[in-house]
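Keep in mind that this is a model prediction, so the values were computed, not measured. Every heavy atom of this structure was used, including side-chain atoms; hydrogens, water molecules and symmetry mates were not.
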Amino acid sequence: MTSQPAERRDAWISIAIFLVITTLLSGVAHYAITRVMPTSHYVGVLMWCPAIAAFLTLKLRGRTISSLPWQWGKWRFNIGAYLMPVLYVSAAYGAIWALGLGGVPDPEGLAEWASALGLEAMSTPVIIGVMVAIMATVGCIRAMSTIVGEEIGWRGFFIWELRKVMPFGGVALFSGLVWSAWHWPVIIAFGGGDTLVQIANFTVMIVSMSVIMAYFTFKSSSLWPAVLFHAAHNVYYDKIFNPLTSDTGATSQWAGEYGFMMPITATVLALYFWYRARREGL
């Protein structure tokens with residue numbers, strides 16, 4: 001956080017420009033997602049809105065795109081960031097299964113995996129092992145093509161500007177709240193449950209994720225740990241653990257991004273990284 005008034009003023013101007021452009025661009029994409037069918041292509045457009053907003057802000061402020069933290073950084077930060085969602089998603093679904101809030105494996109999900117892989121004659125462990133291996137590698141790489149658009153904006157530009165005017169905790173909380181609110185129109189349109197509960201759960205989870213992602217971003221001076229973290233989060237909960245989990249009645253209230261369990265496990269991990277950030281002077 002800078003103490004120079006001129007630098008702080010410039011940072012706030014850049015933040016404001018970025019948020020205005022992101023809101024305007026995302027509004028168009030949100031309209032398409034909620035009003036035009038099918039929506040699949042427009043989701044990708046939405047995810048690139050923060051990057052475009054960052055590029056335009058840099059142009060308006062007389063800065064270059066090359067000034068963003070494009071460098072790969074140290075492998076330990078990239079690997080660590082990838083593994084953090086694996087940890088809290090696995091803990092969340094492990095608790096769901098152990099407490100009987102969801103069953104495992106889901107016969108329908110397993111059958112779909114077997115059919116998609118052409119492994120109908122193989123055993124359950126083989127089917128699960130092959131699909132997890134593919135999703136954990138190729139699945140994450142495919143997810144990164146759209147996720148990188150978000151992370152160029154949020155972790156490549158936005159939190160670095162916030163860092164000029166806020167301490168680590170403020171950066172993590174404010175960026176998390178903004179990032180969460182950016183998703184709310186989709187939750188309202190397609191959540192399918194108690195909207196307020198879903199938004200509350202999602203917001204807690206996103207803010208917790210933002211703490212961890214800010215830590216790895218600042219430690220590595222790179223946006224790539226956040227890209228890997230985000231990809232792992234999306235793939236592990238949606239493409240691996242959700243298909244493995246059968247509905248036992250109230251499973252939707254606990255599983256996924258709108259349920260209770262992932263916000264709980266993500267928050268526990270976020271508190272640890274908040275402590276580390278303070279201890280390490282971030």
| side chain to side chain contact (heavy atoms under 4.5 Å, CB included) between Tyr272 and Tyr215, intermediate numbers included | CA-CA 11 Å; Tyr272 166 73; Tyr215 175 87; over 6 Å; no
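- The two residues Asp106 and Pro243 have their closest heavy-atom pair at CB-O, 3.5 Å.
- Taking the six-membered ring for Trp, Phe18 and Trp154 have ring centres closer than 6.0 Å.
- The aromatic ring centroids of Phe229 and Phe216 lie 6.0 Å or more from each other.
- Applying the salt bridge (charged side-chain N to carboxylate O under 4.0 Å, His left out) test to every pair with at least one member in residues 232-249, sequence neighbours left out, gives no pairs at all.
- How far CG of Leu110 is from CD1 of Ile127: 5.0 Å, rounded to the nearest 0.5 Å.
- Checking side-chain atoms of Asn201 against main-chain N and O of Pro263 turns up no donor-acceptor pair under 3.5 Å.
- Between the side chain of Trp224 and the main chain of Trp70, a donor-acceptor pair closer than 3.5 Å is present.
- Ser67 places a side-chain N or O within donor-acceptor distance of the main-chain N or O of Thr64, the cut-off being under 3.5 Å.
- For Arg142, the CZ atom counts as loosely surrounded, since its 6.0 Å shell holds 12 or fewer non-hydrogen atoms of other residues, nucleotides or ligands.
- Between Phe202 and Tyr258, the ring planes lie perpendicular to each other; the angle is over 60°, past the 30° to 60° tilted range.
- Note on Asp10 versus Lys164: no salt bridge recorded, every NZ/NE/NH1/NH2 to OD/OE distance being 4.0 Å or above.
- With rounding to the nearest 0.5 Å, the separation of CD1 in Ile96 from CZ in Phe260 is 11.5 Å.
- In summary, of the residues considered (Thr245, Asn242, Thr265), a side chain to side chain donor-acceptor pair (under 3.5 Å) with Tyr93 occurs for Asn242 alone.
- In this structure, the side chain of Ser222 engages the main chain of Gln71 through a donor-acceptor pair within 3.5 Å.
- Atom OG1 of Thr203 sits about 5.0 Å away from atom CH2 of Trp184, to the nearest 0.5 Å.
- Ring-plane geometry between His233 and Tyr88 is classed as tilted, the angle between the planes lying from 30 to 60 degrees on a 0 to 90 degree scale.
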| query | Hey, mind stepping through Trp182 and Ser26 against side chain to side chain donor-acceptor pair (under 3.5 Å) and telling me if it holds? | reply | CA-CA 8 Å; Trp182 182 74; Ser26 301; 2.7 Å; yes
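- Judged by distance alone, the side chain of Glu161 and the main-chain N or O of Ser14 form no donor-acceptor pair under 3.5 Å.
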| Residues Tyr236, Tyr82; criterion side chain to side chain donor-acceptor pair (under 3.5 Å); working and verdict | CA-CA 11 Å; Tyr236 274 86; Tyr82 173 90; 3.0 Å; yes
| field | Residue pair Arg155, Thr217: steps toward the side chain to side chain donor-acceptor pair (under 3.5 Å) verdict | value | CA-CA 7 Å; Arg155 255 62 61 172; Thr217 299; 5.4 Å; no
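- Enclosure of atom CZ in Phe273 by more than 12 non-hydrogen atoms of other residues, nucleotides or ligands within 6.0 angstrom is indicated.
- Of the possible donor and acceptor atoms, one in the side chain of Ser208 sits under 3.5 Å from a partner among the backbone N and O of Val204.
- Checked against a 6.0 Å centroid threshold, the rings of Trp48 and Phe55 do not count as neighbours.
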| Full working for side chain to side chain contact (heavy atoms under 4.5 Å, CB included) between Val178 and Thr22 | CA-CA 11 Å; Val178 170; Thr22 300; over 6 Å; no
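- Judged purely by atom type and a 3.5 angstrom limit, Ser90 has no side-chain atom pairing as donor or acceptor with the backbone of Leu87.
- Side-chain rings of Trp160 and Phe218 approach one another, their centers coming within less than 6.0 Å.
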